[in-house]
S.K.: 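Before I ask anything, let me first share the structure, which is written out below as structure tokens.
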Amino acid sequence: MERKTLSYVHALTLAVLLFASPALAVTDTAHVQNALESVQNTEQASTPATPATGKQKLYFKTNGNLYRLDDTGTETVLQDTLPIPDSQSLLKGSADATKLLQFEIDGFTTATTRTITWPDNDINFGTLETKLNGIEALADVTDATNVNTAGAVMETDYDANTILTADTDDTPTPLTVPEATFVGRNTGGSIAGLTATTTKQILNLDLVQNLKANLTASGAPGAGDDSTLGWSVGSLWIDISNDVIYQCADASSGAAVWINITAGASGGDPDQNLFNTITGDTGTDTVADTVADTVVITGGSGVRVDSNGTTDTITITACDDDGDTCVETEQGADDDTIRFETAGVQRGRFDSNGFALVTGQSVTGIDNDTAMLADSASIIPTQHASKIYADNTAPTAYIGGLKTSNNVTDADHDVDIAKGVARDVTDVATMRLTAAMTKQIDCTWVVATNQCGLDTGTVSANTGYGLWLIMRSDTGLVDWMYSTVMDSQGSPTMPTNYDRKRLIGWVRTDASSNIMQFTQAGDYFLLLAESPQEFADSTLTHNTFETAALTCPPFTLAHIYGSQSNNGANDWILFHINAGNTTMGGAGTKPWMDAELAANGTRAGRAGWVAVDGSSQVRYAANFTSGTPAITVSLIGCNVLTRSDP
């Protein structure tokens, strides 16, 4: 039988049990050897028989544990194998056995071993407890006193738009930065929000004026737009409604002076030359008296009087009779050489085509050499009178040039219009396009060539667009634009200040919203690509007119191709297409298209002209006795009659 060897503690315990108790007798001397060194005992495979009354048995089992069995048959484990449960005390006091030490480890994560590493020194848990008790419960970092004592900062130190600054070491202070404020430090100062004056001083800009600018004005500035409102000499004011730029020359309170410095084709350059008097031949003339004296005034509006309410007169003398130009202004986009203006209103102008009156003005008298007050056979105008009276106004409803074509660079979106002349639709103004101009259909109108040209909205697919020549009466500037309004008497959306118009052409977009290739011959606009389908109908009723819209302008001739068929019958079909008539007519009435269908489904077609009404519509009907007729109409081109006769 295998034997178990007890440790010193176990042996000592067994010795006490065996020898200290008079009730126990050692009879098995063969198994007790040197009790002070060890005790050997035979392992038991099971619990032995209950001892007699007053007796106990001490034995090992084959599981390695030491057991005690009392006279009641109760078996008690005297020592478990390691590890020992944490519910058992491990140590007891040396002087007081009731003082026990026990560890609690049930809080460990399952299947986890925790290690305690003891330092190589003594630890007084009383001292450690005192130090731990000095730590604030939950380590409250929201207590500003604790955080500041620790040398840290808190989130609550930061309000909206706040930074921390320190004027002395280790003393951070919150600084809230207002809107539109620079943060910096001026010479000899602390970190702070800087005023405009201080910022300029730091940047060495203290001698530069604070120049305010109004970039979205809708009118001119006045005397009240002065220094009290932040304006200073040099400030800018841009009137975007009238395309005018002003600059402040004097910002005095209640008496501000703003100068019009507008530059460009449609306005005037600033008044750069101010003359009080140009005197005679005294040797001190602004322009010396030579063989050929010339005064050239550049910029501004030419020779002008002031507008202070006094009676001012400009007299130009020494003009020859040989056609010399006495006064010349810059030739802008409208090709003016001299403009005549009274009371702030332009009355007439000379340009490369001669003299022209501004719309609404008239000649009441000409007193150069011979008066010409009315048409009379007894009055023969002199050379000067003839030149002035020969106005360059075009004849009624006149249109010339202005040929349209696809742009070669971007034919899908741009159209070129050659230079030319046209009377406006009201026949009161002559509009002259002095140079070819290109416009883009896919963006909203902007003045000048190679710019956007659509009057409003976005470009659409399979849509007709009118080409409109437009003009500003106040400046004479001519431009053009696209519009879905194609009625020559209609009202396209006009750009600001443009008040004259004339329909001069037509284009059509395809299914991709691109301008179709076309060519123009007079009033006829021919589509060069495959003819687009305008409408189709296979649910016709005998002798019943229906309407369909075409993409040609109103009151024009549409050049179309019509195709007809009659599925299910061999029959004559007479098709009628017109702009307004809804009567089929009696015997002998000529249809727009007819065909005798020799077999079911046979299709016949023809090209021809049809007028469209004021809504660009046509009416169509079929005359048949049987079957299911159908018609398809495609567009070849448009003859825009209203282009030449609006």
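Note that the coordinates shown come from a computational prediction; the quantities given were computed from them, not determined experimentally.
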S.K.: With distance as the sole test, does T509 use its side chain to make a donor-acceptor pair with the main-chain N or O of N462 at under 3.5 Å?
M.R.: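 Yes, T509 side chain to N462 backbone: donor-acceptor pair under 3.5 Å.
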
S.K.: For the residue pair W231 and W237, categorise the inter-ring angle as parallel (less than 30°), tilted (30 to 60°) or perpendicular (more than 60°).
M.R.: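 Tilted.
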
S.K.: Atom CG in N623, atom OG1 in T544: separation rounded to 0.5 Å?
M.R.: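 Atom-to-atom, N623:CG and T544:OG1 are 10.5 Å apart.
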
S.K.: Just so I know, are the side chains of V507 and F525 near enough to count as touching, which here means a heavy-atom distance under 4.5 Å?
M.R.: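 Heavy-atom side-chain distance check fails, nothing below 4.5 Å.
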
S.K.: Looking at side-chain heavy atoms only, is the closest gap between P532 and L527 below 4.5 Å?
M.R.: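 When only atoms from C-beta onward are counted, L527 and P532 do touch, with a gap below 4.5 Å.
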
S.K.: Take N214 and D225 through the test side chain to side chain contact (heavy atoms under 4.5 Å, CB included) and record every step on the way to the result.
M.R.: CA-CA 11 Å; N214 184 348; D225 296 300; over 6 Å; no

S.K.: Counting only N and O atoms by type, is there a donor-acceptor contact under 3.5 Å from the side chain of Q489 to the main-chain atoms of P646?
M.R.: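 Checked: pair present.
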
S.K.: Measure the spacing between OH of Y465 and CZ of R508 and express it to the nearest 0.5 Å.
M.R.: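 So the OH of Y465 and the CZ of R508 are separated by 11.0 Å.
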
S.K.: Any donor-acceptor pair under 3.5 Å linking the side chain of W480 with the backbone of I504?
M.R.: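 No.
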
S.K.: Any donor-acceptor pair under 3.5 Å linking the side chain of E534 with the backbone of T551?
M.R.: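 Yes, E534 side chain to T551 backbone: donor-acceptor pair under 3.5 Å.
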
S.K.: Which heavy atom in L402 sits nearest to a heavy atom in A422, and how many Å separate them?
M.R.: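 Closest heavy-atom pair between L402 and A422: CD1-CB, 3.8 Å.
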
S.K.: Before we go on, tell me: are the rings of W445 and Y498 under 6.0 Å apart, centre to centre?
M.R.: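 W445 vs Y498: aromatic centres under 6.0 Å.
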
S.K.: Just so I know, are the side chains of L236 and L211 near enough to count as touching, which here means a heavy-atom distance under 4.5 Å?
M.R.: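 Contact flag for L236/L211 side chains = no.
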
S.K.: Using a 3.5 Å distance criterion without hydrogens, assess whether the side chain of Y620 forms a donor-acceptor pair with backbone atoms of D537.
M.R.: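 Such a contact is absent between Y620 side chain and D537 backbone.
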
S.K.: For K419, does the NZ atom have more than 12 heavy-atom neighbours from other residues, nucleotides or ligands under 6.0 Å away?
M.R.: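 No - once you tally the heavy atoms of other residues, nucleotides and ligands closer than 6.0 Å, there are 12 at most.
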
S.K.: Is any side-chain heavy atom of M437 closer than 4.5 Å to one of I417?
M.R.: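 Of all side-chain heavy-atom pairs linking M437 with I417, none is under 4.5 Å.
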
S.K.: Does a side-chain heavy-atom distance below 4.5 Å link Q520 with S405?
M.R.: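 Side-chain contact under 4.5 Å: no.
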
S.K.: Taking the side chain as C-beta and beyond, is there a heavy-atom pair between T556 and W506 under 4.5 Å?
M.R.: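 In short, these two side chains do not touch, never coming nearer than 4.5 Å.
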
S.K.: Could you check whether any side-chain N or O of R423 sits under 3.5 Å from a backbone N or O of R502, counting only pairs where one atom can act as donor and the other as acceptor?
M.R.: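 Flag not set: sc R423 to bb R502 has no pair under 3.5 Å.
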
S.K.: Could you grab the distance from atom CG of D412 to atom CD of Q440, nearest 0.5 Å is fine?
M.R.: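 It comes to 13.0 Å.
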
S.K.: Using ring centroids (six-membered ring only for Trp), state whether Y524 and W609 fall under 6.0 Å.
M.R.: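 Yes.
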
S.K.: Report the C-alpha separation of S252 and D226 in whole Å, then their side-chain angles, then the decisive distance to 0.1 Å, and conclude whether the side chain to side chain contact (heavy atoms under 4.5 Å, CB included) test is met.
M.R.: CA-CA 6 Å; S252 299; D226 53 30; over 6 Å; no

S.K.: Applying salt bridge (Lys or Arg N to Asp or Glu O under 4.0 Å), can you list everything that pairs with D613, at least two apart in sequence or on another chain?
M.R.: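 With sequence neighbours excluded, D613 shows a salt bridge (Lys or Arg N to Asp or Glu O under 4.0 Å) to R619, given in chain and number order.
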
S.K.: Do the non-hydrogen side-chain atoms of N497 and N242 ever get within less than 4.5 Å of each other?
M.R.: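 Yes, at least one pair of side-chain atoms sits under 4.5 Å.
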
S.K.: Does V446 offer a backbone N or O that forms a donor-acceptor pair with the side chain of K439 under 3.5 Å?
M.R.: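 Yes.
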
S.K.: Would you say S616's side chain and C552's backbone share a donor-acceptor pair under 3.5 angstrom?
M.R.: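 Indeed, once roles are kept as given, a pair shorter than 3.5 Å links the two residues.
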
S.K.: Can a donor-acceptor pair be found, under 3.5 Å and without considering hydrogens, that links the side chain of T463 to the backbone of A461?
M.R.: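 Side chain of T463 to backbone of A461, a donor-acceptor pair under 3.5 Å: yes, one is there.
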
S.K.: Is there a donor in the side chain of T438 and an acceptor in the side chain of D416, or the other way round, less than 3.5 Å apart?
M.R.: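 Yes, a side-chain donor-acceptor pair sits under 3.5 Å.
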
S.K.: Evaluate L635 against I560 for side chain to side chain contact (heavy atoms under 4.5 Å, CB included), listing each step before the verdict.
M.R.: CA-CA 5 Å; L635 185 65; I560 63 174; 4.2 Å; yes

S.K.: Walk me through it: do I441 and V415 pass the test side chain to side chain contact (heavy atoms under 4.5 Å, CB included)?
M.R.: CA-CA 8 Å; I441 197 173; V415 166; over 6 Å; no

S.K.: How about L467 and Y482: do any of their side-chain heavy atoms sit closer than 4.5 Å?
M.R.: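 The answer is yes; the side chains approach within 4.5 Å.
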
S.K.: How close do I259 and A249 get, counting heavy atoms only, and between which atoms?
M.R.: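 Heavy-atom minimum between the residues: CG1-CB, 3.9 Å.
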
S.K.: Excluding sequence neighbours, so at least two apart, what forms salt bridge (Lys or Arg N to Asp or Glu O under 4.0 Å) with R643?
M.R.: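 Counting only residues at least two positions away or on another chain, R643 forms a salt bridge (Lys or Arg N to Asp or Glu O under 4.0 Å) with D523.
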
S.K.: Is a side-chain N or O of K501 found less than 3.5 angstrom from the main chain of W468, in a donor-acceptor match?
M.R.: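 No, K501 side chain to W468 backbone: no donor-acceptor pair under 3.5 Å.
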
S.K.: Can you tell me how far the CD1 atom of I470 sits from the CZ atom of R500, to the nearest 0.5 Å?
M.R.: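 So the gap between those two atoms works out to 13.0 Å.
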
S.K.: Output the distance between atom CG (D424) and atom CE (M431), rounded to the nearest 0.5 Å.
M.R.: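 It is 5.5 Å, given to the nearest 0.5 Å.
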
S.K.: Atom CG in D410, atom CG in D442: separation rounded to 0.5 Å?
M.R.: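 Interatomic distance, D410 CG to D442 CG, rounded to 0.5 Å: 7.0 Å.
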
